[in-house]
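The structure appears below as structure tokens.
In listed order, ligands and their atoms are each counted from 1. Given the structure is predicted, the values throughout are model-derived calculations rather than measurements.
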Amino acid sequence: MELLKGKEVAKKTRENLKKEVLTLKEEGINPKLAVIMVGNDSASQIYVRNKSKVCNEIGIEFDEYLLPEETKQEELLELIKKLNEDKAINGILLQSPIPKNLDINEAFRTISPEKDVDGFHPINVGKLVLGQDTFISCTPYGVMKIFEDYNINLEGKNAVVIGRSNIVGKPMSQCLLNKNATVTICHSKTKNLSEITKQADIIVAAIGKPCFVTEDMVKEGAIVIDVGINRDSEGKIKGDVDFEKVKEKVSYITPVPGGVGPMTIAMLMTNVVKATKKQNKLL
Ligand code: NAD
């Protein structure tokens with residue numbers, strides 16, 4: 001069994017980006033990410049702080065827009081449109097969740113596809129489906145980067161993705177399909193799940209339930225990617241996979257923490273640098 005150390009891949013990715021950003025700055029180009037947060041969600045505050053730290057490490061400028069809980073939809077859209085127009089801003093990210101009375105889908109649609117570094121705009125999702133160059137949602141993009149870094153060839157492999165969310169499961173499936181894997185998407189209504197996962201050469205677990213994938217669901221020698229981030233009763237982070245038991249059967253597995261998690265922000269930064277280059281006609 002070999003551990004897929006996302007933490008190390010993420011570190012390497014950030015170091016490469018740092019060099020790229022230095023080169024851009026020598027040309028007078030300063031990549032900048034704008035992050036919008038609405039309300040006071042405490043988890044979001046931590047995520048945004050982490051993003052700001054990594055931007056700082058890489059040399060990407062970071063603007064934070066904190067809107068009050070009672071913000072109206074028009075006000076949110078107005079801010080997004082202002083940021084779309086602002087040539088100094090290369091990437092825009094709307095941190096979710098936002099208050100329930102606001103329409104997050106309309107907000108995502110309002111972000112210019114050229115600045116949509118989260119890859120949530122329908123145009124960018126559509127391009128992913130069509131196999132065209134686009135901004136890919138950061139977590140599945142990070143999983144693909146891990147496969148690339150470990151030279152794992154996906155062609156012809158049976159890949160089973162558990163979870164069909166718009167930010168992880170669906171784009172993950174599409175990325176695997178684009179690399180010629182044979183993809184099955186499972187979800188909460190799937191029958192005989194373990195019969196399906198037992199056929200898998202690759203399992204990607206994106207469910208949000210600790211230790212959901214057990215060793216009897218996994219074939220000998222499979223590759224297991226654990227996207228889950230769950231907290232147990234002691235506040236410790238647990239994945240969706242029963243790591244201790246499953247690791248005995250697999251060829252590769254991502255740990256939690258230190259697997260997929262650190263890749264997400266690294267790929268967000270990759271998307272910001274890509275957006276900057278595209279906007280400056282360097283790509
Ligand atoms: P979600 O709640 O939007 O989706 C969960 C999916 O799991 C759904 O599609 C659902 O159909 C499926 N599911 C639920 N119960 C199931 C069952 N019994 N059998 C089969 N499928 C079942 O969650 P999400 O946003 O996709 O996130 C999934 C997990 O990944 C969470 O733990 C989340 O914290 C984590 N996550 C990690 C990162 C990261 O940076 N590593 C990023 C995003 C999400």
Q. Is it true that the side chains of Glu114 and Ser112 contain a donor and an acceptor less than 3.5 Å apart?
A. yes
Q | Side-chain ion pair, Lys11 and Glu15, N-O less than 4.0 Å | A | yes
Q. Has Glu85 got more than 12 heavy atoms of other residues, nucleotides or ligands less than 6.0 Å from its CD?
A. no
**Q.** Under the side-chain contact (heavy atoms from CB on, under 4.5 Å) test, residues paired with Asp133 that sit two or more places apart
**A.** Lys274, Lys278
Q) Going by atom types alone, do Gln73 and Asp103 pair a side-chain donor with an acceptor below 3.5 Å? A) no
Q. Do Lys277 and Leu24 come within less than 4.5 Å of each other through their side chains, counting heavy atoms only?
A. yes
**Q.** Neighbouring protein residues of ligand 1 - any heavy atom closer than 4.0 Å
**A.** Thr139, Ile162, Gly163, Arg164, Ser165, Ile167, Val168, His187, Ser188, Ala206, Ile207, Gly208, Lys209, Phe212, Val227, Gly228, Ile229, Asn230, Val260, Gly261, Thr264
